[in-house]
There are 2 protein chains.
Amino acid sequence: MKVAVLGAGSVGSALAGYYGMKNLDVRLYELPEFEKNIKLIKEQGGVYLSGSVEGFGQVGCITTDMEEAISGATVVFVTVPAYGHKKVAEECAKYLTEGQVVAINSGSVFAALEFDRIVKMEGNEKNIAIVDISNLMGCRKSSPGEVNIHGMRKEITVAAIDHEHAKFAVTKLEPLFDNVETTSGLLEIALNNNSTLMHPAPAILNAGWIETSGGNFDFYWGGISPSVGKVMEAIDSERIHIGRQLDYNCMSFLDKVNQLNEKHLGSIYEYISTNPSLGGPKIGSSVCPSNLQERYVSEDVPYGLVPYSELAKKIGIQTPHIDSLITLASRMNDIDYRQEGRNLKAMGVENKTIAEIKQLLIN
Amino acid sequence: MKVAVLGAGSVGSALAGYYGMKNLDVRLYELPEFEKNIKLIKEQGGVYLSGSVEGFGQVGCITTDMEEAISGATVVFVTVPAYGHKKVAEECAKYLTEGQVVAINSGSVFAALEFDRIVKMEGNEKNIAIVDISNLMGCRKSSPGEVNIHGMRKEITVAAIDHEHAKFAVTKLEPLFDNVETTSGLLEIALNNNSTLMHPAPAILNAGWIETSGGNFDFYWGGISPSVGKVMEAIDSERIHIGRQLDYNCMSFLDKVNQLNEKHLGSIYEYISTNPSLGGPKIGSSVCPSNLQERYVSEDVPYGLVPYSELAKKIGIQTPHIDSLITLASRMNDIDYRQEGRNLKAMGVENKTIAEIKQLLIN
């Protein structure tokens, strides 16, 4: 089985190494402008893994040539950050063929919607299963040729605009994961994206601390104080409200973690401050971005909060807390994230009715 | 000359002590619920001052009886925090008489507008000169009976709804200050209120840092990083925009400090990080609030940002950055600051036209 991995950041490199260790025919692609990401991997002929998976995974093809990477691949994983999706989609569109699965690692919201729109806009109308998949893993590059994996998800969920595509993708992804299931659609994966909840608020509401200290504090344990937690709960409520308005019943983050951990904690702050896996003063630390241009802001605002807010606006929901963070982050980084990010136009739903949007987002 | 000082916080106590040292007949009033503020001062019979003024100022009358405090006073200084203005105004209204001057120490925005409305609403239609005065001093209580004054303003500006009241107040205030002048009206004092610019943004954008550290960092030097400075510049622009729309030309904060210091700094961050009087790692520190309920949020949001935003809304100006901070602060402190603060209704201008509002704010 041939597997293409687009993007040689931490997730992409880890995935390539992992399937290399399983002796699959893996092709690892990086955009030419980021060729430095694959220099050492190319020299090594693969990726070293540590953490929850240990070993060396051989990667047969390491390339900046998209055609070479994806031709003949059963599954094409897209692991570039969300701000790279557009470029990768445009490049992909030239070579994707009937029956291929494009599985977008969902660090962002409604990625498949934008990807599908771009591929079609580029003139590729073939029957390709473009799907959002739930977050694959938590990992971090320990060196340019080695990834430390600290959380490999065992249960993967899959969503597409067309449920038949999701079902088809599951058949192709099943050999690659322990458990793969379809969901109720793109909305479910989008609204269960934790990055959008967990990253922008603590980053923006500790902007001075991050910049003055260079990120020298525990991001979750230090950054999520009672008040920051309250803003996160407000964002969570707005997210749930969006779901309800579209007839999708979304659990609150707190209910989810309480259910998972069989607890009855009363606030996100309480969850953070009592959860050892998220850091804490005595038990290590969660890594803090060293500046506000890192992806906690530059990816999770324009490709997380912006699509939430834009969808909300379209369906008549107020999202004042989400909007406040977008406004402040835009000013901090001198980028109009609503304009540059995944807005209604980028998702291709600018002129659609609410009923049409529901059809795209819920199968 | 009899002088009443309402409020025995740091500014009120300092003022009472200062005029006591000048042998004026000073009456210091505190609301009954804050009687503890005057316990030690009463025992001492006055206030100890340190810093730019050193000595002991005898205060003849220290009371929680409003009538005793203000009857016969030429000038009544209001020094309570803005959230106490309503209560003090209601209590004052019973005893204020023709020709008295009520001078509100302007740590907030459009205080005289609200005070005047309440006094009239309480049925007192006498000819009283209710004026906003520019910030009197920077000071901090070093103990319940002693105030450290670190910045005594020598030039005081005065504004009222009716310019005749401002001119009358100047004649009564002149014996008390080196230099007292009228301004173009309430708008000028309101838009030149630095607390509204300097406090809420750094507090809210360092919420986690304040709560996690208990405010253990230098508020200006540490809290105002480049990004926080950018948000402050956005707030400053919105403030200037409000002024322009009402034909009042307001200088930017940066232009003001550049002019004052004969510099050409390019940003608020640059000003903060090169200004030794605002702290810095090597030269001491500016005091940081220990939590988000302190006045940098609880006074400067509802009585600074809210009146700006409400006035802007009324005159058709967008203030997205100001509004974002109001939204986030409200959630952090579980108080709807727009509802509870100095909104259009509290200022009594809810049903006025823009022309009528201009008449109130510009003489």
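In what follows, every chain begins at residue 1, and chains take the letters A, B, ... in the order their sequences are listed.
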Do you know which of [options] has the most heavy-atom pairs with chain B at a distance under 4.5 angstrom?
| options | answer |
| --- | --- |
| A:Leu205, A:Thr212, A:Ile210 | A:Leu205 |
| A:Pro202, A:Ser213, A:Gly222 | A:Gly222 |
| A:Leu292, A:Ile204, A:Asn291, A:Asp323 | A:Ile204 |

Measure the shortest side-chain to side-chain distance between [X] and [Y] over non-hydrogen atoms and say whether it is less than 4.5 angstrom.
| X | Y | value |
| --- | --- | --- |
| B:Cys139 | B:Val11 | yes |
| B:His85 | B:Ser108 | yes |
| B:Pro307 | B:Glu310 | no |
| A:Val257 | A:Leu265 | no |
| A:Ser298 | A:Tyr83 | yes |
| A:Leu311 | A:Phe110 | yes |

Is the [X] ring parallel, tilted or perpendicular to the [Y] ring (thresholds 30°, 60°)?
| X | Y | answer |
| --- | --- | --- |
| B:Tyr271 | B:Phe253 | perpendicular |
| A:Trp209 | A:Phe217 | parallel |
| B:Phe219 | B:His199 | perpendicular |

How far apart are the C-alpha atoms of B:Ser290 and B:Glu294, what are their side-chain angles, what is the distance that settles it, and do they pass the side chain to side chain donor-acceptor pair (under 3.5 Å) test?
CA-CA 8 Å; B:Ser290 65; B:Glu294 287 195 25; 2.9 Å; yes
Q: Report, by ascending residue number, the residues of residues 312-321 of chain A in heavy-atom contact with chain B at a distance under 4.5 Å; give 'none' if the set is empty.
A: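 Answer by number: A:Pro320, A:His321.
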Residues, nucleotides or ligands: over 12 heavy atoms within 6.0 Å of [X] [atom1]:
| X | atom1 | result |
| --- | --- | --- |
| A:Lys141 | NZ | yes |
| A:Glu33 | CD | yes |
| A:Lys256 | NZ | yes |

Strictly distance-based, threshold 3.5 Å: is any side-chain N or O of [X] a donor or acceptor partner for the main-chain N or O of [Y]?
| X | Y | answer |
| --- | --- | --- |
| A:Asn37 | A:Gly9 | no |
| A:Tyr308 | A:Ala190 | yes |
| B:Asn194 | B:Leu197 | no |
| A:Asn261 | A:Lys263 | no |

Does anything in [range] get under 4.5 Å of chain A by heavy atoms, and if so which residues?
| range | value |
| --- | --- |
| residues 299-306 of chain B | none |
| residues 224-247 of chain B | B:Ser225, B:Pro226, B:Ser227, B:Val228, B:Lys230, B:Val231, B:Glu233, B:Ala234 |
| residues 324-338 of chain B | B:Ser324, B:Leu325, B:Thr327, B:Leu328, B:Arg331, B:Met332, B:Asp334 |

Determine, for B:Arg342 against B:Glu114, whether the closest basic-nitrogen to carboxylate-oxygen distance falls under 4.0 angstrom.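 Salt bridge present between B:Arg342 and B:Glu114.
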